[in-house]
Each structure stands twice: as structure tokens, then as C-alpha cells.
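What you are looking at is a predicted structure, and each value in this text was computed from that prediction instead of being measured.
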Amino acid sequence: MELRGRWALVTGAAKRVGRSIALALAERGANVVVHYHTSLAEAEATVGALAALGVRTVALGADLSRTADVERLAGEAESRSGGLAVLVNSASNYLRVPFDGLTEAVWDASIDTNLKAPFLLAWHIGRAMRARGTGRIINIADWAGERPYRDYLPYCVSKAGIISLTRALAKELAPEVTVNAVAPGPVMPPEDMVESERQAIMRATPLRRLGTPEDVGRCVRFLAEEADFTTGSTYHVDGGRLIA
């Protein structure tokens with residue numbers, strides 16, 4: 001798919017991995033709808049960085065845990081762009097709660113934002129893409145969807161759901177729309193992670209380093225731009241961590 005002049009919606013694009021994805025697409029000339037929740041200042045900074053690359057861009061706020069907000073985001077992104085060519089479901093929360101401390105509220109917060117919202121966006125926007133005859137949907141999963149972490153049960157389940165959702169959507173939306181997932185591994189760990197833990201993760205990763213948001217952005221860009229005969233697949237950007 002030629003990205004230049006086409007529009008992409010990237011959720012969670014104000015910062016971290018989502019921002020790198022937005023920039024990677026813009027480097028190929030894609031216009032970008034920058035979704036954010038509470039990070040308005042960061043979203044505005046991302047919009048400035050995208051505009052500096054010569055593309056069109058707009059920031060739209062939405063709470064992805066609220067169905068009404070998700071539906072509004074889908075509608076506004078479609079109308080502002082005149083029809084999206086790419087949807088990247090990147091936004092998610094990362095709630096650490098020990099098993100004995102889990103609550104229904106934590107479960108709902110994880111599933112609603114990390115799994116339900118990507119489904120709803122793909123349902124609304126994917127059908128519009130199918131009607132137009134083309135489109136790319138790329139979901140950001142996590143290697144923890146296949147190899148769960150302790151103390152992150154709802155998060156891991158939500159990301160396993162993203163992998164399954166990707167396969168199911170690929171069947172529903174073929175042949176007009178491709179649907180794939182990117183599953184990062186040790187990429188941009190939490191800012192409060194201690195150095196000893198960071199070093200341990202690197203030692204346990206076959207490539208002996210942490211990944212970067214740019215690694216994820218390049219993989220997403222490949223799926224949007226080059227992967228014409230790929231759908232229902234999950235690409236692991238994890239330095240080999242899944243097989244270690």
C-alpha cells in the first residue's frame with residue numbers, strides 16, 4: 001500500500017511506542033490521527049513532530065474504556081480523514097496487581113481498554129475500509145499474550161485476546177482488509193524498573209539488548225506498507241525472548 005497522502009489512526013500516539021509508530025508512518029508520507037486520553041500536552045508535541053515531516057495531522061481525545069468515546073473516535077477519525085487507510089490499535093494500560101489482590105474493576109479496566117476498544121474500532125472502521133475496498137488494521141499485542149507474566153493476569157489475558165482477535169478479524173474482513181498484530185517483548189520497560197532487573201532481562205534475551213519503540217514502529221510500517229500477502233499473523237519484536 002502506498003502510504004503517502006493516506007490517513008492512519010494510531011491510538012495512544014501521544015507518547016512511547018504509539019508515538020514512534022505515528023512517526024514511522026509519517027516518514028512515509030502518511031497523514032496521522034493522533035489519539036490520546038489524558039496526555040494532551042504530549043499529543044500536541046507529537047502533532048508538531050508529525051507536521052514537521054510535512055504530513056497532515058490532528059489530535060483526538062477519547063477514553064477507550066468508554067464505548068461512547070470509542071464510537072465517537074471512530075466516527076471523527078473517519079470524517080476528519082475522509083476515510084482511513086490504516087488503523088493501529090496501540091493504546092493499552094499495564095496494570096500490575098498480585099493475584100490475591102485482583103478485583104473485578106482491575107479486570108474490567110484491562111479488558112475494556114486493551115481488548116474491547118480495539119475490537120470496537122476495528123468493527124466500525126474495518127467495515128468502512130471493506131466497503132472502500134482496501135485497508136490495513138494492525139493490533140499491538142505483547143509476547144506476554146503467549147507467555148504470561150506473574151502479577152499481570154488481566155493484562156496478559158487481554159493481549160492473548162488481541163492475538164485471537166487479529167486472526168478472527170482477518171477472516172471476517174478478507175479479502176479487502178488485512179489484519180495483523182505486532183507483539184513486542186522487552187521494549188521500553190517501565191520507567192521505575194530498577195537497573196538490576198533491566199540487566200537480567202537483557203541477559204535472558206537472545207539478542208542481549210532491549211528493544212526500542214522504533215523497532216516496533218518499523219514493523220508496523222512494514223505491515224502497513226509492504227505486507228500485501230499477509231493477514232492473521234503475529235510478528236514478534238522481542239529479540240528472541242519468546243523462545244529463550
Side-chain angles (χ1 to χ4, degrees), residues 3 6-26 30-47 49-50 55-81 83-95 109-129 135-142 145 155 158-159 161-163 165-166 169 173 177 179-184 187-188 213 216-217 219-221 223-224 237:
L3 292 179
R6 296 176 180 263
W7 279 88
L9 165 60
V10 182
T11 65
K15 55 186 180 180
R16 294 176 65 86
V17 171
R19 185 178 192 274
S20 292
I21 292 170
L23 288 168
L25 296 175
N31 304 317
V32 183
V33 178
V34 174
H35 158 262
Y36 69 95
H37 179 203
T38 59
S39 303
L40 174 58
E42 292 90 340
E44 291 175 339
T46 298
V47 164
L50 294 169
V55 303
R56 298 167 64 191
T57 180
V58 63
L60 296 178
D63 179 351
L64 297 185
S65 70
R66 297 172 57 86
T67 297
D69 273 26
V70 175
E71 292 174 345
R72 175 179 54 78
L73 174 63
E76 288 189 17
E78 277 284 298
S79 62
R80 293 284 192 98
S81 66
L84 294 163
V86 180
L87 165 63
V88 183
N89 283 307
S90 176
S92 69
N93 55 38
Y94 187 63
L95 304 178
S110 297
I111 299 301
D112 287 351
T113 296
N114 300 354
L115 182 56
K116 183 178 179 180
F119 158 68
L120 289 173
L121 287 171
W123 186 54
H124 288 291
I125 295 169
R127 288 180 297 165
M129 289 175 170
R136 300 277 196 267
I137 297 175
I138 302 155
N139 298 317
I140 304 304
D142 192 300
Y155 173 80
S158 72
K159 291 303 183 177
I162 283 290
I163 293 170
L165 176 67
T166 296
L169 285 171
L173 294 173
V177 181
V179 187
N180 293 288
V182 176
V187 172
M188 204 172 190
V216 179
C219 188
V220 170
R221 185 171 66 197
L223 290 171
V237 182

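- Between the NZ atom in K116 and the CH2 atom in W123 there is a gap of 11.0 Å [rounded to 0.5 Å].
- Minimum interatomic distance between D63 and D69 (heavy atoms only, all atoms of both residues): N-OD2, 2.8 Å.
- Atom CZ of R127 has more than 12 heavy atoms from other residues, nucleotides or ligands within 6.0 Å.
- Between the side chain of R16 and the backbone N or O of M188, at least one donor-acceptor pair lies under 3.5 Å.
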**OP:** Verify side-chain contact (heavy atoms from CB on, under 4.5 Å) between L73 and L64, making sure each step is shown before the conclusion.
**Re:** CA-CA 9 Å; L73 174 63; L64 297 185; 4.0 Å; yes
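- Of the possible donor and acceptor atoms, none in the side chain of R221 sits under 3.5 Å from a partner among the backbone N and O of G217.
- L87 CG to W7 CH2: the interatomic distance, rounded to the nearest 0.5 Å, is 14.5 Å.
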**OP:** Assess whether side-chain contact (heavy atoms from CB on, under 4.5 Å) is satisfied between I162 and N114, documenting all intermediate values.
**Re:** CA-CA 8 Å; I162 283 290; N114 300 354; 5.7 Å; no
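- Here CD1 of I163 is found 12.5 Å from CG of N180. Values are rounded to the nearest 0.5 Å.
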**OP:** Show your working on side-chain contact (heavy atoms from CB on, under 4.5 Å) between V86 and L3 and close with a plain yes or no.
**Re:** CA-CA 9 Å; V86 180; L3 292 179; 4.1 Å; yes
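- Taken from CD1 in I137 to OG1 in T166, the straight-line distance is 9.0 Å, to the nearest 0.5 Å.
- Side-chain N or O atoms of D112 include none that pairs as donor or acceptor with a backbone N or O of A117 at under 3.5 Å.
- The minimum heavy-atom distance linking H124 with A74 is given by the pair CB-CB, 3.9 Å.
- Between the side chain of S79 and the backbone N or O of E76 there is at least one donor-acceptor pair closer than 3.5 Å.
- Side chain of N93 to main chain of A109: a donor-acceptor pair is present (N/O by atom type, distance under 3.5 Å, no hydrogens or angles).
- Judged by distance alone, the side chain of T11 and the main-chain N or O of S90 form a donor-acceptor pair under 3.5 Å.
- With rounding to the nearest 0.5 angstrom, the CG atom of L23 is 5.0 Å from the CG atom of L50.
- Side chain to side chain, D142 and Y155 meet the donor-acceptor criterion of an N or O pair below 3.5 Å.
- For the residue pair L25 and A224, the shortest heavy atom distance occurs at CD2-CB, 4.1 Å.
- S110 approaches L95 most closely through the heavy-atom pair OG-CD1, 3.8 Å.
- Panel note: side chain K159, backbone I140; a donor-acceptor pair is recorded below 3.5 Å.
- For the pair H37 (side chain) and A62 (backbone), a donor-acceptor distance under 3.5 Å is absent.
- Residues L9 and A77 share a closest heavy-atom pair of CD2-CB, 4.1 Å.
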Subject >> From CA spacing to verdict: side-chain contact (heavy atoms from CB on, under 4.5 Å), E78, L84 >> reply: CA-CA 6 Å; E78 277 284 298; L84 294 163; 3.5 Å; yes
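- Across every non-hydrogen atom of V34 and A13, the tightest pair is CG1-CB, 3.7 Å.
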